[in-house]
Trainee: 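The structure that follows is given in the form of structure tokens.
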Amino acid sequence: MHNFNRYSRQIAFRDIGQTGQEKLLSSTIAIIGIGALGTALANLLCRSGIGHIRLIDRDYVELSNLQRQTLFNEDDVTNNTPKAIAAAEHLKKINSSITIEPIVTDVNAWNIEELIKGCDLVLDGTDNMGIRLIINDACVKNHIPWIYGGAITTTGMSMNILTSEDAPCFLCAFPGAGAHVSHDTCSTVGVLGMIPSIVASYQAVEALKILIGSEDIRRSLLYMDVWSNDTGQIDIKKNLECPACVHREFTFLSQPQTPYTTTLCGRDAIQVIPFGKRNINFESLSKKLSHAGNVKFNKFMLSFSDSTIEINLFSDGRAIIKNAKDENAARSIYSEYIGY
Ligand SMILES: [Zn+2]
């Protein structure tokens with residue numbers, strides 16, 4: 001049984017009440033990306049009593065994250081804890097009466113539908129357009145609402161992508177997003193810690209409205225610049241020729257499944273994903289690698305470094321490689337040290 005006293009101030013707000021709280025407790029959400037937006041979202045929504053929260057992230061905690069990723073601490077940096085795991089550990093101490101489900105993985109066209117299965121709502125905590133287009137395709141296809149959020153420098157944006165017939169989708173709002181390559185990342189132009197917290201707060205309040213079926217759900221694209229004090233809303237029209245929400249052609253989901261590499265946004269690092277799921281034995285691999293450099297491992301990740309490179313390997317075979325000069329070099333490093 002739930003102790004509703006925990007949520008008494010939220011229940012006292014008449015638009016939520018006991019009925020709304022019960023709806024929240026029986027809801028399942030996924031937060032994709034547990035960085036600055038994702039930690040703020042997870043913190044607020046865990047405290048609000050969303051019954052089941054799935055936390056999905058591919059990365060681990062680093063010192064430069066602490067300025068804005070508000071669930072993490074220095075122990076998480078020292079322990080190289082994967083973000084989803086670290087967030088789940090902290091959230092369980094905040095609310096042990098709900099289900100927190102951490103998943104350490106890259107989100108891509110081949111696994112997203114499985115990852116969002118059973119969700120009433122998906123929240124975007126990612127930092128790049130490519131993944132958002134995949135989220136959009138998967139959510140529109142499976143009739144799951146999702147909430148876009150973006151934050152960079154001192155600016156932020158958010159939009160609800162709803163499942164009703166007349167609602168525009170993310171591709172309606174950003175038709176050129178597929179070809180859009182932005183060179184601005186948090187590491188090149190920076191980001192203040194406050195802006196992702198503000199955007200995530202807007203996303204979180206819309207999440208409550210969507211989950212309880214409120215009539216006050218925002219139907220525009222919200223933007224703000226907290227430095228120049230500029231805030232507004234843009235009406236987005238449904239594109240009657242939209243490939244995703246009108247023609248239901250989900251091109252971003254139909255990429256062929258191959259081993260692949262991606263340069264991680266805002267990081268001097270490249271991710272390598274070998275084909276198929278593998279189960280890596282960290283103990284035997286660390287013995288082998290200890291002759292070549294420094295190795296340490298925990299339950300989730302093995303870290304290897306020598307004078308030139310650093311490899312962080314997850315047990316499913318996925319690796320994040322630092323100091324590789326390009327994606328080809330990263331693949332060679334992977335095959336040399338870990339092997340395909
Ligand atoms: Zn659309």
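Numbering starts at 1 and runs along the sequence shown. Note that ligands are numbered from 1 as they come in the structure, with each ligand's atoms numbered from 1 the same way. Predicted, not measured: the structure shown is a model, and the values here were computed from it.
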Trainee: Could you work out, with side chain to side chain donor-acceptor pair (under 3.5 Å) as the rule, every residue matching D225, not counting sequence neighbours?
Mentor: T154, S228

Trainee: Taking ring-ring contact (aromatic ring centres under 6.0 Å, His included) as the definition, give me every residue that meets it alongside Y334, ordered by chain and number, with sequence neighbours left out.
Mentor: Y340

Trainee: Considering the Zn ion (ligand 1), could you give the total of protein N/O/S atoms lying closer than 2.8 Å?
Mentor: 4

Trainee: Under 6.0 Å between the ring centres of Y148 and F174?
Mentor: yes

Trainee: Could you report the tightest heavy-atom contact between I16 and Q21, atom names first, then the distance?
Mentor: CG2-N, 3.8 Å

Trainee: So, using side chain to side chain donor-acceptor pair (under 3.5 Å) as the criterion, who are the partners of N5 when residues are at least two apart?
Mentor: none

Trainee: What are the two closest heavy atoms between C119 and R54, and how far apart are they?
Mentor: SG-NH1, 3.7 Å

